[in-house]
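Every chain is numbered from 1 and lettered A, B, ... according to where its sequence line falls, protein lines coming before strand lines. As a basis for the values below, the full set of heavy atoms in this structure was taken, side chains included, without hydrogen atoms, waters or symmetry mates.
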There are 2 protein chains.
Amino acid sequence: MAETQGATVDRVRLAPFGDALGFLLRLAQIDSFERFFADLGHLDLRPGELTVIVLLEGNPGVRQGVLAEALKIKRAHMAKMVRALGEAGLIRREVPEDDRRAVELYLTEAGATLARRLRPAVTAHEARTPATLTPAETATLKRLLRKYLALTDPEGTTP
Amino acid sequence: MAETQGATVDRVRLAPFGDALGFLLRLAQIDSFERFFADLGHLDLRPGELTVIVLLEGNPGVRQGVLAEALKIKRAHMAKMVRALGEAGLIRREVPEDDRRAVELYLTEAGATLARRLRPAVTAHEARTPATLTPAETATLKRLLRKYLALTDPEGTTP
DNA sequence: CCATATTTGTTTCCTAGTAAACAAAATGCG
DNA sequence: CGCATTTTGTTTACTAGGAAACAAATATGG
């Protein structure tokens, strides 16, 4: 038995958090993260880095601050990922002529090769509906999350 | 202007992540976290600690491992919170006679006083529907999240 | 044109949480 | 009983990410 206290856990009264939206969202994100790893963990790349690599394929030359904002992570954190990906030889930083504060990001050859390898796995993962929801329910869930977030656009673009 | 590149952000092509469930969940959790802080930030207590204090009011003597499992955090992390809350004089650790590995948690007087002060704020926060969703939509969203998570029980108890 | 303010990215320190190795207690099986 | 296994909690080292202070470059208002 993995959990001696399995029976006891059932009796923790989670009120007033058990049905809170924030709590459900946290659990759902943990679960979704596990799904992500189950499908893509074999690629042994961190989720954030995988995201940047794949997005750079469709957005060559994007400024790292813009990418950070689109992904809702802070510039400070993006700077660290950019450094790591640069040291790994997967991306190239380029300072544009017209604004020498900025940094534009491009995939290196190695990065582009990796991106081509990642894309089908990512696409397959996205297409897979969670086992506990029907496709219609998944669509409704996504629609409500977008509405909650005041996003209107189901395409691959930021709001 | 806070964001010079605001216009540029709109043109980051987020495909294939822009409509991914995992991405939407991440954004939603960030938003929900901000809502939590907007309502409860003035209590200057960390969210995790607030959760433990309020839950201990309804679950006196719960074992810390059981509480960790119910909240889906690891025991290692719960151990740190327990130590911090103990040092702050808010909870008391008690080793039961019949199992001297275990630790049962109780609120101290100071902890109970704090819990009484927190409870109405938490209740009010939970009752508040997000501005972008109708109450019916919020209910549907929660129901779908519970189904996604394979939880059946909308009460304040773990599944 | 020049001083001031803002933007961009980086660094440093911090928080939340995980993973792995561990010790002590309890359980189980010969 | 006695030894191996499991459970419970802790410690240490790590990852993801944020906050604040900073420097360089650019924009702006006089």
Quiz item: What is the distance, rounded to the nearest whole Å, between atom CZ of A:R75 and atom C1' of D:dA24?
Solution: 14 Å

Quiz prompt | Side-chain N or O of A:R93 closer than 4.0 Å to phosphate OP1/OP2 of C:dT8 | solution = no

Quiz prompt | Spacing of A:R46 atom CZ and A:T51 atom OG1 [to the nearest 0.5 Å] | solution = 12.5 Å

Exercise. Round to the nearest Å and state the distance from B:M78 atom CE to C:dA19 atom C1'.
Key: 17 Å

Quiz item: Counting side-chain heavy atoms from CB outward, which of C:dT18, C:dT11, C:dA16 is closest to B:P47?
Solution: C:dA16

Quiz item: Considering residues at least two apart in sequence or located in another chain, which fulfil the salt bridge (charged side-chain N to carboxylate O under 4.0 Å, His left out) criterion with B:R101?
Solution: B:D99

Quiz item: In whole angstroms, how far is the C1' atom of C:dG17 from the CZ atom of A:F33?
Solution: 11 Å

Quiz item: Going by side-chain heavy atoms closer than 4.5 Å, which hydrophobic residues are tied to A:F33, directly or by a chain of links?
Solution: A:F37

Exercise. Would you kindly give the NZ-to-C1' distance between B:K74 and C:dC22, to the nearest whole Å?
Key: 18 Å

Quiz item: So which one's nearest nucleotide on DNA chain C is more toward 5', B:R100 or B:E49?
Solution: B:E49

Quiz item: Can you tell me how far P of D:dA16 sits from CD1 of A:I30, to the nearest Å?
Solution: 16 Å

Quiz item: Would a distance-only check, ignoring hydrogens and angles, find a side-chain to backbone donor-acceptor pair under 3.5 Å from B:D31 to A:L149?
Solution: no

Practice problem: Taking only the side-chain heavy atoms of A:H77 (C-beta and beyond), determine which of C:dT15, D:dA16, D:dT8 contains the nearest atom. | Solution: D:dA16

Quiz item: Separation of B:L45 atom CG from C:dA16 atom P, in whole Å?
Solution: 10 Å

Quiz prompt | Members of residues 79-92 of chain A that approach DNA chain C, where some heavy atom sits under 4.0 Å away | solution = A:A79, A:K80, A:R83

Quiz prompt | Protein-nucleotide distance (B:E104, atom CD; D:dT8, atom C1'), rounded to Å | solution = 13 Å

Quiz prompt | Options C:dG9, D:dG9, D:dA25, nucleotide nearest the side-chain atoms of A:V103 | solution = C:dG9

Going by atom type alone, with no hydrogens or angles, which donor-acceptor pairs under 3.5 Å involve a side-chain atom of residues 86-96 of chain A and a protein atom two or more places apart or on another chain?
| from | atom 1 | to | atom 2 | distance (Å) |
| --- | --- | --- | --- | --- |
| A:R92 | NH1 | A:E94 | OE1 | 2.6 |

Got a list of side-chain donor-acceptor pairs under 3.5 Å for residues 109-116 of chain A, not counting sequence neighbours?
| from | atom 1 | to | atom 2 | distance (Å) |
| --- | --- | --- | --- | --- |
| A:T113 | OG1 | A:E109 | O | 2.9 |

Exercise. Look at the side-chain N and O atoms of B:R101 and state whether any lies under 4.0 Å from the OP1 or OP2 oxygen of D:dG9.
Key: no

Quiz item: Whole Å only: how far is the CG atom of A:L67 from the C1' atom of C:dT8?
Solution: 14 Å

Quiz item: Within the structure, does a side-chain N or O atom of A:R46 lie under 4.0 Å from either OP1 or OP2 of D:dA16?
Solution: yes

Quiz item: With clusters built from Ile, Leu, Val, Met, Phe, Trp and Tyr whose side-chain heavy atoms come within less than 4.5 Å, directly or transitively, what are the remaining members of the cluster of B:Y106, listed by chain and number?
Solution: none

